[in-house]
Visitor: 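Dropping the structure in here first, questions after.
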Amino acid sequence: MARLVNIFVSARYRRMLNIGVWGLVFAVILAVVLSYATITTLNMMRLETRESAQHFIHLRKNIVGTFEALHQRVTARPCSPEFNDQLREIAYLPDGLNEFLYAPGGQAQCSVNIPRFERIHDLGEPDINWQGSTGFVTWFDRDLGFVGLPGLVGTVILQEPFATIVAPQKADMTAPDWMALEVAIVEQDGTSWHRMGAEGIYGRARQAADSAGLLPFSGGALHYLECDPGGVHCVAAEASLAAIFLSNPQMLAFALFMSVVLATSLAFQFNLFVTRYWSFEKRFRRNLKPDHVMCVYQPVMNLETGEMKGCEVLARWRDVDESIVAPDRFIPIVEKYGMTAEFTAMVARRAYSELSKNIPPDRPIQVNFNIFPRDLDSQALLKIYAPFLNEPERFEVVLEIVESDQIPADAQLQIEELRRAGIKTYIDDFGTGYSNMQTLAALSVEGVKLDRSFAMAPDNSMMAQMLTHAVDMIHATGRVMVVEGVETAERLKLLRDMAARTDFVQGYFISRPLGAAELAAFLARSNTGAGAEAERSAA
Ligand code: C2E
Ligand code: CA
Ligand code: CA
């Protein structure tokens, strides 16, 4: 899960995700466009094949009707003059079939044109013999010399004992350039006879129809098959995709262009949504919960004795990808959305549960918390820190008022009430925020914490020089003084050697912020002040 979430949170994965989303949207849009083109193409193919098939359906109906007429109305003695008259009457019907034979068993004896053949004409081996079912026997494309039409060809169809001659058909086989048609006659066993158009299309269309999934695609072409109700005449159409696109390159270019534009805009929207949804601020607000709020503890040392007085509780927030986020990033959000009191309570609860478990009961410690000026309300704070206050022999609570906004007007009143309940207050980050000598003089806080920028300033810098003055100034107020941000042995020595007394120090040189168990171990080791001092000099 954390890894999955990481994809949304980390910038590196976000880029890949963007590309992925773009590709996906592009593919989907292109697929929609192609499906639409395919469906339109198939529709056109259906229209074209139907038009051609119509002709053959009609022809077949004529043939069946004509045979019905022959059987009913040609009743005279075969090949007699009356017989020929009856034949001619039917030939006169306007159905395009004008030549009939009397040809029992494929032995033609007379026709409309030739009332009696000199010699019986044997039609030979038929191409299709459907004697069993429809009763039709067919000879394709025979020379019609035997009926007095030498040089012409026609198809002879026999239904005992009559036969009719079908002239080569001129069906409308016109289609757009990208489409090819074939007319085939199909035997019951599936054998097909190419009749018109481009040979081979029927076979491929049949294959595509048999094996088709969603669309009758095969070999990069679309197929369509339309047969007459008897399944005898089939018109097959084939349209190669390449041909379709080459026939209309503007359309293809337009479809591609639109897909790119749409994909880009949708991917952008998606990215915006993801960024908003997964922006740090949103993530933090969604997950400002006890199991995401963590604490680390930075030891506070008595400068004179080297004894570890206690610790400052520093909040951390566990991001959805399990990374640990420092307060600079989330404290402004806590303030912006007025979640300060709720946040302070979460930190206090967490700190109590960890410290009470890890620090031995016989090791009293001072625990410094950071609070927002706007939450300087003694009633609420006493409730939040009640678990610590209930064990006064173990814990001493100090509240550091971080200088993010103005200290409220009734601050003094609240500070006094807190003091009566056993809670000390410090002004935090002195020298940077709103606090100045005036606030300090007006507020009877127990202590002042000099901002870390003084102690951390590079040697000989303006800030470094101001460290001495600031210490002198705070010392003059008579408040407990804490200097934080002590990173080097030199700075520690400087503070020790100064005339103005610094009470407590805090900084990476003494210890970085630690987990609760680490803090317990650190305190145990430094129980003997000398041990800790030795450890530090060794480091
Ligand atoms: P702060 O109260 O001034 O806390 C001291 C900060 O200085 C901590 O940063 C600490 O890790 C860092 N620090 C301590 N010693 C050294 C050092 O020798 N060198 C350097 N470079 N840094 C040192 P952190 O933990 O990032 O906290 C930053 C700020 O976030 C805190 O400043 C405090 O204003 C605020 N904060 C942290 N936890 C809480 C909390 O629970 N509630 C409130 N309201 N604010 C908090
Ligand atoms: Ca602080
Ligand atoms: Ca500070």
Side-chain angles (χ1 to χ4, degrees), residues 284 288 290 292-301 310-318 324-352 354-355 366-377 380-381 384-385 388 397-405 407 424-435 445-458 463-464 467 480-492 494-495 504-515 518-519 536 539:
F284 178 77
L288 183 56
H292 280 265
V293 172
M294 301 166 63
C295 294
V296 287
Y297 308 89
Q298 189 174 34
V300 175
M301 185 179 84
C311 62
E312 177 179 5
V313 179
L314 295 163
R316 299 288 181 265
W317 179 73
R318 191 168 53 80
I324 303 299
V325 181
D328 323 334
R329 280 188 76 195
F330 62 79
I331 292 289
I333 304 171
V334 171
E335 291 179 312
K336 181 171 161 194
Y337 292 98
M339 306 182 290
T340 53
E342 173 191 350
F343 174 74
T344 304
M346 271 186 237
V347 172
R349 234 174 288 137
R350 179 87 184 204
Y352 179 77
E354 290 186 348
L355 293 177
Q366 175 184 303
V367 186
N368 290 26
F369 288 96
N370 294 288
I371 63 158
F372 300 92
R374 68 177 85 163
D375 293 334
L376 195 53
D377 163 1
L381 291 170
I384 289 176
Y385 298 106
F388 290 98
V397 175
V398 172
L399 299 184
E400 302 180 1
I401 306 174
V402 298
E403 283 271 286
S404 49
D405 44 24
I407 302 228
K424 290 182 179 147
T425 44
Y426 285 8
I427 282 190
D428 202 356
D429 299 337
F430 187 79
T432 54
Y434 292 88
S435 63
V445 289
E446 268 82 9
V448 178
K449 245 177 140 166
L450 187 61
D451 189 73
R452 59 182 148 154
S453 52
F454 290 94
M456 282 164 55
M463 275 306 253
L467 172 65
V480 167
M481 174 161 47
V482 186
V483 175
E484 62 180 345
V486 178
E487 290 186 334
T488 62
E490 290 73 44
R491 286 291 149 87
L492 191 66
L494 179 79
L495 290 171
F504 298 105
V505 282
Q506 205 182 323
Y508 288 178
F509 179 66
I510 293 131
S511 169
R512 287 186 174 257
L514 306 169
E518 287 176 299
L519 175 74
R536 275 197 306 281

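One-based numbering, in listed order, for ligands and for the atoms of each.
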Visitor: Verify side chain to side chain contact (heavy atoms under 4.5 Å, CB included) between Leu450 and Leu467, making sure each step is shown before the conclusion.
Guide: CA-CA 9 Å; Leu450 187 61; Leu467 172 65; 3.5 Å; yes

Visitor: Have a look at ligand 1 and work out which part of Gln298, if any, has a heavy atom under 4.0 Å from it: side chain, backbone, both or neither.
Guide: side chain

Visitor: Would you mind naming the N, O or S atom of Glu312 nearest to the Ca ion (ligand 2)?
Guide: OE2

Visitor: Is it true that the side chains of Lys449 and Gln506 contain a donor and an acceptor less than 3.5 Å apart?
Guide: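 Yes, because at least one side-chain N or O of Lys449 sits under 3.5 Å from a partner of the opposite role on Gln506.
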
Visitor: Strictly under 6.0 Å, is that where the ring centroids of Phe284 and Tyr337 end up?
Guide: no

Visitor: At under 4.0 Å between heavy atoms, which part of Val334 makes contact with ligand 1: side chain, backbone, both or neither?
Guide: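 The answer is neither; Val334 stays 4.0 Å or more away.
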
Visitor: Relative to the heavy atoms of Glu484, which atoms of ligand 1 are at a distance of less than 4.0 Å?
Guide: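 So the answer, numbered in order with elements, is 3 (O), 5 (C).
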
Visitor: Using 4.0 Å as the upper bound for N to carboxylate O, is an ion pair formed by Arg491 and Glu487?
Guide: no

Visitor: Does the N or O separation between Ala315 and ligand 1 drop below 3.5 Å for any pair?
Guide: yes

Visitor: Are Met481 and Val448 packed together at the side-chain level, in the sense that at least one heavy-atom pair is separated by less than 4.5 angstrom?
Guide: no

Visitor: Taking 4.0 angstrom as the limit and counting only heavy atoms of Met456, give me the atoms of ligand 1 inside it, by number and element.
Guide: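 Answer for ligand 1: 19 (N), 20 (C), 21 (N).
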
Visitor: For Arg316, is the nearest heavy atom under 4.0 Å from an atom of ligand 1?
Guide: yes

Visitor: I'd like to check whether Asp429 has a polar contact with ligand 1, where a contact means an N/O of the residue lying under 3.5 Å from an N/O of the ligand.
Guide: yes

Visitor: Check all N, O or S atoms of Glu400 and name the one closest to the Ca ion (ligand 2).
Guide: OE1

Visitor: Enumerate the atoms of ligand 1 whose separation from the nearest heavy atom of Asp328 is less than 4.0 angstrom.
Guide: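 Per the distance check, 26 (O), 28 (C).
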
Visitor: Run the side chain to side chain contact (heavy atoms under 4.5 Å, CB included) test on Phe369 and Ile384 for me, step by step, so that the C-alpha distance in whole Å, both residues' side-chain angles and the decisive distance to 0.1 Å come before the verdict.
Guide: CA-CA 11 Å; Phe369 288 96; Ile384 289 176; over 6 Å; no

Visitor: Check each heavy atom of Ile331 against ligand 1 and say whether those closer than 4.0 Å belong to the side chain, the backbone, both or neither.
Guide: side chain

Visitor: Could you tell me which atoms of ligand 1, counted from 1 in the order shown, lie closer than 4.0 angstrom to a heavy atom of Pro513?
Guide: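 Going through ligand 1 atom by atom, the ones under 4.0 Å from Pro513 are 11 (O).
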
Visitor: Which option out of Met346, Arg350, Arg452 puts a heavy atom nearest to atom 32 (O) of ligand 1?
Guide: Arg452

Visitor: Any N/O/S of Asn368 under 3.0 Å from the Ca ion (ligand 2)?
Guide: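 It does not; every qualifying atom lies at 3.0 Å or beyond.
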
Visitor: Are Glu487 and ligand 1 in contact, using a heavy-atom cut-off of under 4.0 Å?
Guide: yes

Visitor: Within the stated cut-off of 3.0 Å, is an N/O/S atom of Asp428 closer than that to the Ca ion (ligand 2)?
Guide: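 A backbone or side-chain N, O or S atom of Asp428 is under 3.0 Å from the Ca ion (ligand 2).
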
Visitor: Mind checking whether Val313 and Tyr297 have side chains closer than 4.5 Å, heavy atoms only?
Guide: yes

Visitor: Any donor-acceptor pair under 3.5 Å linking the side chain of His292 with the backbone of Trp317?
Guide: no

Visitor: Let me check your reading of the structure: within less than 3.0 Å of the Ca ion (ligand 2), is there an N/O/S atom from Glu484?
Guide: no

Visitor: Please tell me if the side chains of Glu518 and Ser511 come closer than 4.5 Å, counting only heavy atoms from C-beta onward.
Guide: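 Side-chain contact under 4.5 Å: no.
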
Visitor: Please tell me if the side chains of Glu484 and Asp428 come closer than 4.5 Å, counting only heavy atoms from C-beta onward.
Guide: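 Contact flag for Glu484/Asp428 side chains = yes.
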
Visitor: So if I count the atoms of ligand 1 from 1 in the order they appear, which ones are less than 4.0 Å from some heavy atom of Val402?
Guide: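 What qualifies from ligand 1 is 34 (O).
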
Visitor: Side-chain contact, heavy-atom cut-off 4.5 Å: Phe343 with Leu288?
Guide: yes

Visitor: Ignoring hydrogens and geometry, is there a side-chain-to-backbone donor-acceptor pair from Asp375 to Ala341 under 3.5 Å?
Guide: yes

Visitor: Say whether Phe343 and ligand 1 are in contact under the criterion: heavy-atom distance to a ligand atom below 4.0 Å.
Guide: yes

Visitor: Quick check on contacts: which atoms of ligand 1 are under 4.0 angstrom from a heavy atom of Val347?
Guide: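 The list of qualifying atoms is 41 (O).
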
Visitor: Yes or no: does Glu312 have any heavy atom under 4.0 Å from an atom of ligand 1?
Guide: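 Glu312: in contact with ligand 1 (<4.0 Å).
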
Visitor: Dump the intermediate steps for side chain to side chain donor-acceptor pair (under 3.5 Å) on Gln298 and Asn368, then the final yes or no.
Guide: CA-CA 9 Å; Gln298 189 174 34; Asn368 290 26; over 6 Å; no

